[in-house]
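Read through the structure below, which is laid out as structure tokens, and then see the notes.
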Amino acid sequence: MARRNPSGKACLARGAEDGPGVYCRDKWLSEPDPKRKHNPATFAPADLDGEDLLDIFETWAKSLDTSDTHNEKRQTWVSVAAVMRYAPRVIMLDLRVGAYGEPGDLVDINTGAPVGQIKDHQAPTGENGAMLFVPERGERAHFLSEASSRGSAGGRILSLFKKHFSQYTDQITMVTAPVTEGETWREAAKLTEVEVRVTGKSADVADGLTEVVAVDELPEDHDVFVTMVRDGRTKKFQLGSEGAPAIREVLNDSNEEALDVDKLVETCTEKVRDLSARTGGEWDAAWSRPTQQGV
């Protein structure tokens with residue numbers, strides 16, 4: 001499995017379970033009066049009745065501690081290592097995630113010898129990044145998160161923020177909708193390669209696999225990757241398991257170095273620009289240019 005891997009785009013509806021993925025924040029609507037039928041007013045994320053979503057999110061994220069982010073129900077450790085205003089309209093989160101609850105040995109893979117023990121209350125963690133892109137103009141913002149073999153912390157953060165926002169104001173309701181870049185590639189791209197990896201862990205192939213390509217007699221424990229070409233660009237996607245987004249884009253393979261922050265934001269900016277264009281919006285490059293470079 002890839003070390004770093006923003007999942008194929010999906011938004012969580014209110015009350016849905018959190019999970020890995022690239023998420024969008026769609027329109028921000030005023031709460032309608034259930035006794036009256038009328039069209040609710042629409043707010044831009046950058047101007048929520050005089051407040052900026054970016055400021056609301058940044059203030060909230062900086063206040064989080066592990067008592068908030070730790071997901072005991074799922075036995076998943078999530079923590080926020082840093083919150084940074086990377087660019088004028090981009091917040092970057094440095095996150096940690098790992099599962100616990102199953103004791104075992106820590107083994108040196110070169111010698112095969114145990115070098116320690118992991119207790120049931122200890123969680124081996126990995127790094128994840130998550131980013132909130134809020135346009136200066138327009139009705140849609142995007143929240144993108146990384147996933148790795150350790151899990152994805154972004155889904156937990158998004159779920160917590162949705163709850164916080166619903167308590168923050170009773171005048172504006174956050175409405176989300178799925179945005180799946182993989183579907184666009186499936187419709188317009190040419191499939192060039194299918195790769196099946198036996199990973200030694202159980203996984204179910206998503207129903208969407210048969211819509212892309214048919215692969216007979218898959219091994220029980222596997223990951224499936226497809227490489228596609230569109231408009232001269234090549235992308236590699238991982239087909240997700242049940243409960244995960246249908247298609248997740250692979251940024252780098254497990255034997256490759258993880259993207260640094262600048263490259264990660266650059267890659268995600270391209271995605272946000274494409275997603276915004278699909279919905280009639282825009283993303284100005286200056287909005288995601290690193291603050292230290294000047295804007």
Next on the checklist: Within this structure, what is the CG-CD1 distance for the pair Leu132 and Ile157, rounded to the nearest 0.5 Å?
Outcome noted: 12.0 Å
Checklist entry - Considering all heavy atoms of both residues, which atom of Leu95 and which atom of Ala130 are nearest to each other, and what is their separation? => result CD1-CB, 3.8 Å
Item to check | Arg156/Asp68 ion pair, N-O < 4.0 Å | outcome: no
Next on the checklist: If hydrophobic clusters are built from ILVMFWY residues whose side chains come within less than 4.5 Å, do Tyr100 and Val78 share one?
Outcome noted: no
Checklist entry - Quick one: do Arg289 and Asp284 make a salt bridge, cutoff under 4.0 Å? => result no
Next on the checklist: Rounded to the nearest 0.5 Å, what separates atom CE in Met131 from atom CG in Leu93?
Outcome noted: 8.5 Å
Next on the checklist: One pair to check against side chain to side chain donor-acceptor pair (under 3.5 Å): Ser288 and Trp283. What are the steps and the verdict?
Outcome noted: CA-CA 9 Å; Ser288 51; Trp283 182 267; 3.1 Å; yes
Item to check | Heavy-atom donor-acceptor pair, Ser159 side chain to Gly155 backbone, under 3.5 Å | outcome: no
Item to check | His142 side chain reached by Ser276 side chain, heavy atoms, under 4.5 Å | outcome: yes
Checklist entry - Would you call Ser148 and Asn128 a side-chain contact if the rule is heavy atoms closer than 4.5 Å? => result yes
Checklist entry - Say you draw a straight line from OG1 of Thr59 to CG of Asp52; how long is it, rounded to the nearest 0.5 Å? => result 10.0 Å
Next on the checklist: As an exercise, state the distance from CD of Glu58 to CE of Met84, rounded to the nearest 0.5 Å.
Outcome noted: 10.5 Å
Checklist entry - Side chains of Leu275 and Arg140: does their closest heavy-atom pair fall under 4.5 Å? => result no
Item to check | Student check: side-chain heavy atoms of Leu54 and Arg89 closer than 4.5 Å | outcome: yes
Item to check | Minimal non-hydrogen separation, Leu48 against Pro45, with atom names | outcome: CG-O, 3.6 Å
Checklist entry - Where the side chain of Thr76 meets the backbone of Ala99, is there a donor-acceptor pair that is under 3.5 Å apart? => result no
Next on the checklist: Within the 4.5 Å heavy-atom criterion, are Arg150 and Pro124 side-chain neighbours or not?
Outcome noted: yes
Checklist entry - For the residue pair Thr69 and Ser79, what are the closest heavy atoms and their distance? => result OG1-CA, 3.7 Å
Checklist entry - Hey, quick one: are Leu64 and Trp77 part of the same hydrophobic cluster, counting side-chain heavy atoms closer than 4.5 Å, chains of contacts allowed? => result no
Checklist entry - Thinking salt bridges, do Glu266 and Lys263 make one under a 4.0 Å N-O criterion? => result yes
Next on the checklist: If I compare all heavy atoms of Phe165 with all of Ile172, which pair ends up nearest, and what's the gap?
Outcome noted: CE2-O, 3.7 Å
Item to check | Test log, rule side-chain contact (heavy atoms from CB on, under 4.5 Å), inputs Thr169 and Glu51 | outcome: CA-CA 11 Å; Thr169 175; Glu51 293 191 85; over 6 Å; no
Checklist entry - In terms of hydrophobic clustering (I, L, V, M, F, W, Y; side-chain heavy atoms under 4.5 Å; direct or indirect links), are Tyr168 and Phe143 co-clustered? => result yes
Item to check | Closest approach of Ala46 to Val134 (non-hydrogen atoms, all atoms of both residues) | outcome: N-CG1, 4.1 Å
Checklist outcome for this item: For Phe43 and Asp49 the tightest heavy-atom approach is CD2-N, 3.6 Å
Next on the checklist: How long is the straight-line distance from CZ of Arg85 back to CD1 of Ile91, given to the nearest 0.5 Å?
Outcome noted: 4.0 Å
Checklist entry - From His164 NE2 over to Phe57 CZ, what is the distance, rounded to the nearest 0.5 angstrom? => result 10.0 Å
Next on the checklist: For Gln117, I'd like to know if atom CD has over 12 heavy atoms of other residues, nucleotides or ligands within 6.0 Å.
Outcome noted: no
